[in-house]
Amino acid sequence: MVELSQIRYQVVAVDEKGVRYDITDEVQNLGWEENEKEISVRSSFTVRNDKTLKGYLSAILKPGCFVGIIASDGNSLDEEVARGYIETWNPVEANGGDTLKCTCYDELYKLQKSQDSRYYPSGTGTKSAIQGLFSDWGIRQGAYRGPNVSHGKLVYNNQYLSDILLDLLDQAAKKGSGRYLIRAERGSVSVLPRGSNGVVYVFRADNTESISQSVSTADLITRVKVIGKSNGKGQQSVEVTLNGKTEFGIRQRVYTRGTDESLEDAKAAAQEILEKEGKIEKSMVVQSPDVPSIRKGDLVYVIGSLLEGYYFVRSIQHNADSASMSMDLEAAKKQAEGKQRTEDYQVGDVVQFRGGTHYISSYPGSKGYAARAGKAKITKKDGAGKAHPWHLIHVDNKSNVYGWVDDGTFD
């Protein structure tokens, strides 16, 4: 249980020479946030621009300076909950006292602000595409527990790197991989399944400030039509039509099958659109006392007067001055995206392989071959090579998987 009266925040800064400063007592208006379509954490604060033995704080806290936010919720040891590097530096001189306003972003910010062109040939795996991009941009990599499906040809021209990453994950989700997020934590960047937090907090009317619920059909898609290649006369054939909640009327989305994309994959992508956008949207905004460790993508449980269940944190804003937070939540059908955590699987378990690549060994650089989705049995785990730690053998006629596969390729 979180001891709200025991919540404490600490702010530390490291200057260009590597000297560490505790600036907690000078900080006001401290907050940090994670927004839905962004991958970087944004933090901001104001400090009294006092003169110290080292000079004014504005001479110490320069653009590029590292700032870390450390918190304790009264139940756990102090832990870093956000970090960033000063991007906006704004000293203000006024009769009431001089101040310095700073805005910081973490390691992923450079991917939000950088554009590039990328070409991925047919058969490229999600994991290699994402990790290759991280490597090219000098991103220190943490855990990869994300998808690794085989993609059709993908071309990105002059697009922001963060958008490329999010699109790769979205393309994988359309092939049935589930939803994943990119998260920076303590200087490393990981790809994790939504809802992978070990502790799930419960929010009720008696421990929150407000719970606002919303049910909407405004953006509902009720039909997806798969369009094939042109017949040479400028006309495209309709290959598959998938219907959803057509009782709300026909609201149609068109999906065009790629030149290197099979009809089966295109149908799966259309089904994913229908599953994602063809459901009545249920969302919730919860304002409550702060739990500093909660992040975007975490799973929480909410008990309201009309709705009760699991929700994913879609965006979150922490306010240290008032020790409060605001969460925008998205209804989750099942805990942790409805999937077992990878470490819970054991030899002998029958799983649903999502399709992708199986390898001849667990070692990096081993040769891989395309494998179809279907039921499979785990015959070995924790392969010595570590790159492809799971050995699967298919148990139905749909799949042909018989080899070593990556984390995140089965449910």
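- Residues Val19 and Ile60 have side chains not in contact (no heavy-atom distance under 4.5 Å, counting atoms from C-beta outward).
- Remark: Glu247 engages no residue in a side chain to side chain donor-acceptor pair (under 3.5 Å) (not counting sequence neighbours).
- Side-chain contact between Val291 and Met325: present, with at least one pair of heavy atoms (C-beta onward) separated by less than 4.5 Å.
- Side-chain atoms of His388 and His358, non-hydrogen and from C-beta on, never get closer than 4.5 Å to each other.
- The backbone N or O of Thr409 sits nowhere less than 3.5 Å from a side-chain atom of Asn148 that would complete a donor-acceptor pair.
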Full working for side chain to side chain donor-acceptor pair (under 3.5 Å) between Asp290 and Tyr9
CA-CA 11 Å; Asp290 194 23; Tyr9 306 93; 2.7 Å; yes

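- For Lys276, the salt bridge (charged side-chain N to carboxylate O under 4.0 Å, His left out) partners at least two apart in sequence or on another chain are Asp170.
- Phe203 pairs by the ring pair (Phe, Tyr, Trp, His ring centres under 6.0 Å) definition with nothing, not counting sequence neighbours.
- Ion pair Glu330/Arg194 flagged as a salt bridge, since at least one NZ, NE, NH1 or NH2 atom sits closer than 4.0 Å to an Asp/Glu carboxylate oxygen.
- Residues satisfying the ring pair (Phe, Tyr, Trp, His ring centres under 6.0 Å) criterion with Tyr85, sequence neighbours excluded, are Phe66.
- In this structure, Asp396 contributes its side chain and Ser399 its backbone to a donor-acceptor pair below 3.5 Å.
- Each salt bridge (charged side-chain N to carboxylate O under 4.0 Å, His left out) pair with one or both residues in residues 118-133, not counting sequence neighbours, appears once here: Asp116-Arg118, Arg118-Asp136.
- Here salt bridge (charged side-chain N to carboxylate O under 4.0 Å, His left out) pairs that include residues 19-28, with residues two or more places apart or in two chains, number zero.
- The side chain to side chain contact (heavy atoms under 4.5 Å, CB included) search around Asn157 returns Ser117, Val155, not counting sequence neighbours.
- Looking at Cys102 and Val47, their side chains never come closer than 4.5 Å, going by heavy atoms from C-beta outward.
- Residues satisfying the side chain to side chain donor-acceptor pair (under 3.5 Å) test with Ser324, not counting sequence neighbours, are Ser322.
- Each ring-ring contact (aromatic ring centres under 6.0 Å, His included) pair with one or both residues in residues 263-302, not counting sequence neighbours, appears once here: Tyr301-Tyr310.
- Between the Tyr120 side chain and the Gly123 main chain, no donor and acceptor come within less than 3.5 Å of each other.
- Distance alone, capped at 3.5 Å, places no donor-acceptor pair between the Arg314 side chain and the Glu36 backbone.
- Among the candidates Arg186, Arg140, Arg183, Arg83, the single residue satisfying the salt bridge (Lys or Arg N to Asp or Glu O under 4.0 Å) test with Glu107 is Arg83.
- For the pair Leu57/Arg48, no side-chain contact is recorded, criterion being any heavy-atom separation below 4.5 Å from C-beta on.
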Could you walk me through whether Asp106 and Ser40 pass side chain to side chain donor-acceptor pair (under 3.5 Å), step by step?
CA-CA 6 Å; Asp106 66 17; Ser40 178; 2.8 Å; yes

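- The backbone N or O of Gly368 sits nowhere less than 3.5 Å from a side-chain atom of Thr357 that would complete a donor-acceptor pair.
- For Lys296 (side chain) and Asn35 (main-chain N/O), a donor-acceptor pair under 3.5 Å exists by modelled atom type.
- For the residue pair His391 and Thr379, a side-chain donor N or O sits within less than 3.5 Å of a side-chain acceptor on the partner.
- Ion pair Glu272/Arg179 flagged as a salt bridge, since at least one NZ, NE, NH1 or NH2 atom sits closer than 4.0 Å to an Asp/Glu carboxylate oxygen.
- The closest donor-acceptor contact from the side chain of Asn29 to the backbone of Thr46 lies at 3.5 Å or more, if one exists at all.
- Contact annotation: the side chain of Thr88 never approaches that of Lys101 to less than 4.5 Å [non-hydrogen atoms, C-beta and beyond].
- Applying the ring pair (Phe, Tyr, Trp, His ring centres under 6.0 Å) rule to Phe248 yields no partners; only residues at least two apart in sequence or on another chain are considered.
- For the pair Gln141 (side chain) and Gln131 (backbone), a donor-acceptor distance under 3.5 Å is present.
- For the pair Asn207 (side chain) and Val202 (backbone), a donor-acceptor distance under 3.5 Å is present.
- Using a 4.0 Å cut-off between a side-chain N of Lys or Arg and a carboxylate O of Asp or Glu, Arg204 and Asp206 qualify as a salt bridge.
- Residues satisfying the ring pair (Phe, Tyr, Trp, His ring centres under 6.0 Å) criterion with His318, sequence neighbours excluded, are Trp32.
- For the salt bridge (Lys or Arg N to Asp or Glu O under 4.0 Å) criterion with Glu277, the lone passing option out of Lys245, Arg251, Arg253 is Arg253.
- Legend: side-chain hydrogen bond (donor to acceptor under 3.5 Å, both in side chains) pairs involving residues 208-222, not counting sequence neighbours, sorted by first then second residue: Ser210-Gln287.
- By the 4.5 Å heavy-atom criterion applied to side chains, Gln6 and Ser72 are not counted as neighbours.
- Within the 3.5 Å criterion, the main-chain N or O of Leu100 finds no donor-acceptor partner in the side chain of Asn49.
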